[in-house]
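Before any comments, here is the structure.
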Amino acid sequence: MAAQIQEIVDEIVAAMAQESERGDVATYIPGLANVSPAHFGMAVIGADGSVALGGDAEQPFSIQSISKVFALTMALGKVGDQLWRRVGREPSGNAFNSIVQLEAEHGIPRNPFINAGAIVVADVNLSGHMPREAIGELIRFIRFLADDETIVVDDAIARSETETGFRNVALANYMRAFGNIRHSVELVTGVYFHQCAISMSCLQLARAGRYLMLDGLQPEAGRVVSARRARRINALMLTCGHYDASGDFAFRIGMPGKSGVGGGILAVVPGKASIAVWSPGLNASGNSQLGTLALERLAQATGWSVFSARA
Ligand code: GLU
């Protein structure tokens, strides 16, 4: 099995190297604009602990919105289901940074994976902390999940987002006007920008995602969340993890997944695999062009899908 998956990963890496349509690297965050679209990396960790790596699988990149999965897990640990009074659980059908729905829906973001929702989650994680402590807690949680103490925030990216994240500041202010942000906008967006600027490799991300493949268990340390919570986070990733392209991602790949504008995607096949891919060029919906294609090929080659009996 492990050798077979490594063979599939090798084939995918070779095929991706030939692709000329690599999408466009995000430029709205200046710190991301200089990353070469030539990169491609992939890591697949099986439920049995087997690891298949390909391409730039061990090179750290900016995880951006993939951090929303870990931040959500942490916030649920703090306030449980009360979180759902402040954030919805429906796909948005809008761009990741859209403000339009917020007015009609009285400052309650559609889900925790659009920017507005993640900013509310950051507000929850900030409770009782200074921003530095809240970020420290999240980093420690991610290091624990990945069993890797080397994971850090890229301060240059965090600075770059702080200097240019006007839309996110606007979203936070707008929600504060509705009473759905409790701390100062500067502190909340500070937490949000720093969590987006966490740097991880595909291998580290796939390791951090293992609790979602194993019904809430982290293999080295035991239970992280209940099986029910892991299942629910997977459901949100499936329905909301790729912004307004979440339906297309479910159709083409059929796995819970969360993308980030750094070009990474974390995907989970419950009971089978935790997968991370990275290629910085994005498609029109802001999701990794080659990362999506690579996952589609992996799903075809393995039969892995939450919608398939073969999986
Ligand atoms: N830091 C990015 C932003 O807020 C995250 C977006 C993403 O990765 O999709 O714009």
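Values below: every heavy atom of this structure, side chains too, minus hydrogens, waters and symmetry copies. We count ligands from 1, going down the list as the structure has it; atoms in each ligand are counted the same way. In what follows, residues are counted from 1 in the order of the sequence shown.
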Audit row: Q64, I198, side chain to side chain contact (heavy atoms under 4.5 Å, CB included) steps and yes/no: CA-CA 7 Å; Q64 292 294 316; I198 293 171; over 6 Å; no

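The closest donor-acceptor contact from the side chain of E19 to the backbone of R22 lies at 3.5 Å or more, if one exists at all.
At least one test fails for K78 against the ring of F141: distance under 6.0 Å to the centre or angle within 45° of the axis.
Geometrically, ligand 1 and K68 share no nitrogen or oxygen pair separated by less than 3.5 Å. Checked against a 3.5 angstrom limit, the closest N/O atoms of S259 and ligand 1 fall outside it. Any N or O atom pair closer than 3.5 Å counts here, and V261 shares at least one such pair with ligand 1.
Side-chain contact check for H39 and D56: at least one donor-acceptor pair (N or O, by modelled atom type) lies under 3.5 Å.
For the pair P270 and V306, the tightest heavy-atom approach, listed with the atom from each and the gap, is CD-CG1, 3.8 Å.
Under 4.0 Å from ligand 1, the heavy atoms of E161 that appear belong solely to its side chain. Contact annotation for N168 and ligand 1: only side-chain heavy atoms (C-beta onward) come within less than 4.0 Å of the ligand. At a 4.0 Å heavy-atom cut-off, ligand 1 touches S65 through backbone and side chain alike.
Between F178 and H106, the ring planes are perpendicular. Angles over 60° get that label, and only those under 30° would be called parallel.
Remark: ligand 1 atoms within the under-4.0 Å shell around heavy atoms of G260 are 8 (O). Within ligand 1, the atoms closer than 4.0 Å to a non-hydrogen atom of C196 are 1 (N), numbered from 1 in the order shown.
Pairs passing the salt bridge (charged side-chain N to carboxylate O under 4.0 Å, His left out) check and including a residue from residues 176-203, sequence neighbours excluded, do not occur.
In this structure, Y28 has a heavy atom closer than 4.0 Å to ligand 1.
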